Number of protein chains: 2
Amino acid sequence: MTEARLVVVDDEPNIRELLATSLRFAGFEVFAAADGLSAIQLITDTSPDLVVLDVMMPDLDGFEVTRRLREKGVHSPVLFLTAKDDTQDKVTGLTVGGDDYVTKPFSLEEVVARIRAILRRTQHVEENEAVLTYADLEMDEDSHEVRRAGVVVDLSPTEFKLLRYLMLNSGRVLSKTQILDHVWDYDWGGDANIVESYISYLRRKIDTVTLPDGNPVQPLIHTKRGVGYMLRQSR
Amino acid sequence: MTEARLVVVDDEPNIRELLATSLRFAGFEVFAAADGLSAIQLITDTSPDLVVLDVMMPDLDGFEVTRRLREKGVHSPVLFLTAKDDTQDKVTGLTVGGDDYVTKPFSLEEVVARIRAILRRTQHVEENEAVLTYADLEMDEDSHEVRRAGVVVDLSPTEFKLLRYLMLNSGRVLSKTQILDHVWDYDWGGDANIVESYISYLRRKIDTVTLPDGNPVQPLIHTKRGVGYMLRQSR
DNA sequence: ATATCGCCTGAGAATGACCTGAGTGGCGTC
DNA sequence: GACGCCACTCAGGTCATTCTCAGGCGATAT
């Protein structure tokens, strides 16, 4: 699954590059197109496992691109990128297939998570479990359920994304900037302090669980002062 | 990886030369450019493994240079040099792809470390481990963890940078001035005594570990009186 | 032997990173 | 409309870290 082939289609160079580079970095093989027509060409040529497709484009919009592809018998699932106000109805109607959508501005965590989810469904390889695990921490990406030492904790959407990012990078120190860039929307303009706040929330929820024997759990979230945060077993 | 090819771009001759010479000394093949336009030319000609790029330049700023390069299909990762105050606005979003940034004034250690990190990621050769080793001393650059004889020791950021510099130059005597020039910011104006202080801190942390058999470890940090310091196995 | 010099290190002040409680406002639900 | 949840801001407190300074000690030279 980390070898999947993607095609990214967006007319804005910034977004296209942002997606292309970070998805490559996330382990995908990525091809990019800047408009609807060349997208159709590229997709029929490469027959990718998934297409990330902007809805609003000058020549053909994303729906039209999809329609033509289907007409030609290409059935790669699509992750649409839409503006928040884009006719909710049209978009939701499309998610009935294997498809899904993300609204702009998005966070990279969001996009990667959706892609992973779609691929999990379409390439139903048995080993493709939707459960992330680190130590006694489990996260089910399908049910959105998180357990610490078997105890279910419930997280807000942002807390969930932050934790997923930490889990996907366990054992590695992540700077506040890195976290901000991945977990928050790409146009976020606020203070990096927000990361501290959410780390604080997460700690309260997953690092203060009491074990059945009455003892507290070992903390998994660690601060590397002056560097960043890390998910790791304490020693 | 120590054979990587870099392009350094900065309009200030001092900074450009500082970077070029010390990166060459660090084992890289370095080409330099003084402005955005010639940078684009040089980069497309040499297709380097990485570009060190100042953001504030008279003709084209660093972002514009990157944009044009991407447009031309050049995907070399970029390490941006920025002033401390324009960090939050434009710089966010850079740590997602292969790119990263360092704020001016920087320390050379910082720059070298970031370059190594980016190359480690982009040229994901399996052997490119993020672990430095000398004798029974290990430094994991991902988790920022240091072990002496298997025992985890906890270092402050400056201690960490100093030790990394010593490890990258083990077996070589480094003068206090050299250390100051590499580990501290280039505009640092204080006393060289600070090096003595930090060497002292480091010794306390990594040269006073007790082995499982109860014996102390052999010191690795040695003073060459009148010359400098050296990391080396004692004989 | 003694003076000098370089280095070592403890103490302390200043700084700044980080943590968290409290509060505001937006949004959806009942 | 009232409520609750959530995202986010702000500011005060805490504590690690950075840096300075000065006394002591050992090495080196005369």
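The structure displayed is predicted, hence computed values, not measured ones. Labels below follow one simple rule: chain letters A, B, ... track the order of the sequence lines, proteins then strands, and each chain is numbered from 1.
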> Measure the distance from NE2 on His222(B) to C1' on dC7(C) and round it to the nearest whole Å.
16 Å

> Under the salt bridge (charged side-chain N to carboxylate O under 4.0 Å, His left out) test, which residues partner Asp142(A), sequence neighbours left out?
Arg120(A)

> What are the residues of residues 136-149 of chain A, sorted by number, that bring a heavy atom to within less than 4.0 Å of DNA chain D?
none

> So, is Lys224(A) close to the dC18(C) phosphate, meaning a side-chain N or O under 4.0 Å from OP1 or OP2?
no

> Could you give the CG-to-C1' distance, from Asp191(A) to dC19(C), as a whole number of Å?
14 Å

> Of the options Asp207(A), Ile206(A), Thr208(A), which is the one that meets Pro219(A) in a side chain to side chain contact (heavy atoms under 4.5 Å, CB included)?
Asp207(A)

> For Lys104(B), is there an ion pair with Glu12(B) - N to carboxylate O distance below 4.0 angstrom?
yes

> Report, as a single string ordered 5' to 3', how protein heavy atoms within less than 4.0 Å touch nucleotides 20-30 of chain C: B base, S sugar-phosphate only, - not at all.
BS---------

> Which pairs, with at least one residue in residues 201-220 of chain A and sequence neighbours excluded, count as a ring pair (Phe, Tyr, Trp, His ring centres under 6.0 Å)?
Tyr198(A)-Tyr201(A)

> Would you sort out whether Glu145(B) and Arg147(B) count as a salt bridge (charged side-chain N to carboxylate O under 4.0 Å, His left out), showing the intermediate values?
CA-CA 7 Å; Glu145(B) 216 173 58; Arg147(B) 292 168 188 271; 3.4 Å; yes

> Does the Glu64(B) side chain pair with the main chain of Asp61(B), one donor and one acceptor, at a distance under 3.5 Å?
no

> Please give, in whole Å, the distance from dC7(C) P to Ile221(B) CD1?
15 Å

> Checking Arg16(B) now: which residues fulfil salt bridge (charged side-chain N to carboxylate O under 4.0 Å, His left out) with it, not counting sequence neighbours?
none

> Under a 4.0 Å threshold between the charged nitrogen and the carboxylate oxygen, would Arg148(A) count as salt-bridged to Glu138(A)?
no

> Tell me, please, which residues at least two apart from Asn169(A) pass side chain to side chain contact (heavy atoms under 4.5 Å, CB included).
Tyr165(A), Arg172(A), Leu174(A)

> With a 3.5 Å distance limit and no angle check, can you tell me whether Asp181(A) reaches the backbone of Thr95(B) through a side-chain donor-acceptor pair?
yes

> Leu174(A) CG to dC18(C) P: how many Å, rounded?
14 Å

> Can you measure from CZ (Arg114(B)) to CG (Asp100(B)) and round to the nearest 0.5 angstrom?
4.5 Å

> Quick one: CG on Leu162(A) to OG on Ser197(A), what's the gap to the nearest 0.5 Å?
11.0 Å

> Kindly state which residues belonging to residues 153-169 of chain A come within less than 4.0 angstrom of DNA chain D, counting heavy atoms of the residue only, listed by number.
Ser156(A), Pro157(A), Thr158(A)

> Quick one: CG on Leu81(A) to CE on Met56(A), what's the gap to the nearest 0.5 Å?
12.5 Å

> Whole Å only: how far is the CD1 atom of Ile194(B) from the C1' atom of dT9(C)?
13 Å

> Residues of residues 180-190 of chain B with any non-hydrogen atom less than 4.0 angstrom from an atom of DNA chain D: list those, numerically ordered, please.
Trp184(B), Trp188(B), Gly190(B)

> side-chain hydrogen bond (donor to acceptor under 3.5 Å, both in side chains) with Ser76(B): which residues, sequence neighbours excluded?
none

> Just the atom pairs and distances: protein N or O near nucleotides 23-30 of chain D's N or O, under 3.5 Å.
unit_1  : atom_1 : unit_2    : atom_2 : d
dG26(D) : N2     : Arg225(B) : NH2    : 2.5

> According to the ring pair (Phe, Tyr, Trp, His ring centres under 6.0 Å) rule, which pairs have a member within residues 211-230 of chain B, sequence neighbours left out?
none

> Can you run down the ring pair (Phe, Tyr, Trp, His ring centres under 6.0 Å) pairs that involve residues 137-163 of chain B, sequence neighbours left out, and say none if there aren't any?
His144(B)-Phe160(B)

